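Written out below as structure tokens is the structure these notes cover.
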Protein chains: 2
Amino acid sequence: MNFKGKQQPVTIPRAAKTLRRTRIQEEKEEQILEAALDVFSVSGFRGSTIDQIAEVARMSKPNLLYYFRTKEAMHRALIDRVLYTWLEPLRAFDAEGNPETEIRSYIRRKLEMARDFPRESRLFANEVLQGAPHIEDELKGPLKELVDEKAEVIRAWAKSGKIAKCDPYHLIFSIWSTTQHYADFDVQVRAVLGQEHSGEGRFEDAARFLEQLFIGGLRPDRLET
Amino acid sequence: MNFKGKQQPVTIPRAAKTLRRTRIQEEKEEQILEAALDVFSVSGFRGSTIDQIAEVARMSKPNLLYYFRTKEAMHRALIDRVLYTWLEPLRAFDAEGNPETEIRSYIRRKLEMARDFPRESRLFANEVLQGAPHIEDELKGPLKELVDEKAEVIRAWAKSGKIAKCDPYHLIFSIWSTTQHYADFDVQVRAVLGQEHSGEGRFEDAARFLEQLFIGGLRPDRLET
DNA sequence: GGATAATTTGACCGATTGGTAAACATTACA
DNA sequence: TGTAATGTTTACCAATCGGTCAAATTATCC
């Protein structure tokens, strides 16, 4: 649930000869990754500098490099920490549930994540946009497997007539893109909507529209051309 | 129609005291912008270097800087050249046309652009993702005005019952995001689809799905909740 | 409280960055 | 064909890049 929840010790400081992580290590690594997320999510890997991250983290550059040996290591640690949680909504997709409910709440969850964790969304967007040089394996491995599994669920729903016949992969892509759009292209959305519509209600407006679109678009009670 | 069609002289070389552009200027600027598109569309502004562009363009760095005084100038020229064409599909959206046909062909056109001009799509994606520091004015000005105008068209269609009642802005956003996704997140799409579905048919599959989704989702002949 | 390990820092390194100066080569045009 | 304007290149610059090092500081534990 929480993006900041650790799954694994991220790195072991090079100077550390003990295996246990100290309190200071926990705190500082947290502090660094938080800053790294700020910077990487805006400028991408190539466009970000260790100095920028150091400044945001309020540490000296050598101090950063004491905890993460290289810029790559910092990026790696960040990706690892965020990736698992990022896929949670899709994992929650339940084959036994009611199709309409499942799709509706998947959209909701993805939209909430775009609202609450835009930096995480942009981190991946930047990475993928630039050819995913650091996460290719994750895409072709765990991600593909998860999507394959859920696509099969959707295909079964379509086959049994619970939803309209459709390509499950492109359905998933379209849910990803429409929801993440609000995080990744936030500046554009704001610019186009202007101040009138950029406030509180934006999230609800988007949710309502997308549910209408997908629920309506997937209604089974109509012959498809 | 053609991305490479010039609208305006892009820059005037600093050394040029004449106002006319020579044949060499035309060719070299073309060559540079072509290379710049290659590089900027992958790495974004900050992550790209003049040396990279010079290498792709097969010119020496000072030679590049003879035509474009700074990295910013190159980026600026590129944006200017591409932006107008990029909005063409939306501009073609016809108030007098049949709603279903118009939406269908808007999706088609956007999808074709994602297929045929992925670099241009990524150029903007990178820019917007990183906070649109160089194109904020274009977003708040020309883009917003165009979208406002077309949103009004869609609203009128909804009001007269030709399509379902829906938020026209979020409809436009969702068409943008779903179509551009195939350019911007190409690596991910490929990774997930695997080799089986990544071939020729991908474009047609996506088009079919999106048309089904949007046409179905916007059918007026059903009371909305 | 002192020894030891963990942490932090300033000074520094070679490579790369965006950009310049000026000499040199080429082109266009009279 | 000469020459002035245009185009290209080599050598270079200061600033910044990712990263190292050794010395100084702080936390930990007996």
Side-chain angles (χ1 to χ4, degrees), chain A residues 9-33 35-36 38-40 42-78 130 133-134, chain B residues 9-33 35-36 38-40 42-78 130 133-134:
Chain A
V10 180
T11 29
I12 290 150
R14 54 181 157 170
K17 277 164 190 154
T18 57
L19 287 176
R20 289 191 24 160
R21 292 158 51 76
T22 67
R23 174 183 51 84
I24 292 179
Q25 277 171 41
E26 303 265 4
E27 285 175 11
K28 290 301 164 76
E29 284 174 11
E30 168 63 37
Q31 193 178 333
I32 292 168
L33 290 182
D38 259 12
V39 175
F40 281 135
V42 169
S43 305
F45 183 79
R46 281 222 55 186
S48 302
T49 71
I50 302 182
D51 294 88
Q52 285 179 318
I53 299 172
E55 198 189 325
V56 174
R58 287 173 216 253
M59 294 194 215
S60 67
K61 181 167 62 168
N63 202 6
L64 278 206
L65 291 162
Y66 171 73
Y67 291 101
F68 298 94
R69 280 210 275 275
T70 63
K71 193 169 95 163
E72 292 239 0
M74 265 163 39
H75 191 255
R76 180 77 268 164
L78 195 53
Q130 306 186 1
H134 305 95
Chain B
V10 180
T11 28
I12 291 148
R14 56 183 157 169
K17 276 162 186 150
T18 56
L19 288 176
R20 290 193 20 161
R21 293 158 48 78
T22 68
R23 174 184 53 84
I24 293 180
Q25 275 169 46
E26 302 265 5
E27 284 174 11
K28 291 300 166 85
E29 284 174 12
E30 170 62 37
Q31 193 177 333
I32 291 168
L33 290 182
D38 259 11
V39 175
F40 282 135
V42 169
S43 304
F45 183 77
R46 281 224 51 191
S48 302
T49 71
I50 301 181
D51 294 86
Q52 285 179 319
I53 299 171
E55 198 190 325
V56 174
R58 288 171 213 251
M59 295 192 214
S60 66
K61 180 166 66 170
N63 202 4
L64 279 204
L65 290 162
Y66 171 75
Y67 292 100
F68 298 95
R69 279 208 278 273
T70 63
K71 193 170 93 163
E72 292 240 357
M74 264 163 41
H75 191 255
R76 178 78 269 160
L78 195 54
Q130 305 186 2
H134 307 95

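Just so it is clear, the model here is predicted, and its values are computed rather than measured. Order of the sequence lines fixes the chain letters, A, B, ..., with proteins taken first and strands second; residue numbering starts at 1 for each chain.
Atom-to-atom, CD of B:Glu72 to P of C:dT17 comes out at 17 Å; the value is rounded to the nearest Å. Counting to the nearest Å, the P atom of C:dT7 and the CD atom of A:Glu27 are 11 Å from each other. In this structure, B:Met74 places its CE atom 13 Å from P of C:dT17, rounding to the nearest Å. When the P atom of D:dT6 is taken as reference, atom CD of B:Glu26 falls 15 Å away, rounded to whole Å. Whole-Å rounding puts the A:Ile32 CD1 to C:dT7 P distance at 11 Å. Distance CZ (B:Phe68) to C1' (D:dT8): 16 Å, rounded to an integer number of Å. Going from atom CD of A:Glu29 over to atom P of C:dA6 covers 14 Å, rounded to whole Å.
The minimum heavy-atom distance between A:Ala35 and A:Ile53, with the atom names listed, is CB-O, 3.7 Å. The heavy-atom pair separating A:Leu78 from A:Leu33 by the smallest distance is CD1-O, 3.6 Å.
Here B:Ser60 reaches the OP1 or OP2 of D:dT9: one of its side-chain N or O atoms lies under 4.0 Å away. Within the structure, a side-chain polar atom (N or O) of A:Tyr66 is placed less than 4.0 Å from OP1 or OP2 of C:dT7.
Under the side chain to side chain contact (heavy atoms under 4.5 Å, CB included) criterion, A:Thr49 pairs with A:Asp51, A:Gln52, B:Arg46, sequence neighbours left out. Legend: residues meeting side chain to side chain contact (heavy atoms under 4.5 Å, CB included) with B:Lys28, ordered by chain and number and at least two apart, are B:Ile24, B:Gln31, B:Met59, B:Tyr67. B:Glu55 pairs by the side chain to side chain contact (heavy atoms under 4.5 Å, CB included) definition with nothing, not counting sequence neighbours.
Between C:dT7, D:dT8, D:dT20, one nucleotide has an atom nearer to the side chain of B:Asn63 than all others, and that is D:dT8. Counting only heavy atoms from C-beta on, B:Gln25 has its side chain closest to D:dT6 among D:dT6, D:dT8, D:dT9.
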Could you pull out the protein-nucleic contacts involving nucleotides 14-18 of chain D (nitrogen or oxygen on both sides, under 3.5 Å)?
unit_1, atom_1, unit_2, atom_2, d
D:dG18, OP1, A:Ser48, O, 3.2
D:dG18, OP1, A:Lys71, NZ, 3.2
D:dG18, OP2, A:Ile50, N, 3.0
D:dG18, N7, A:Lys61, NZ, 3.0

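Within the 4.5 Å cutoff, side-chain heavy atoms of B:Phe40 are placed close to those of B:Lys71. Inter-residue side-chain proximity for A:Phe68 and A:His75 is flagged as unmet; no heavy-atom pair is nearer than 4.5 Å.
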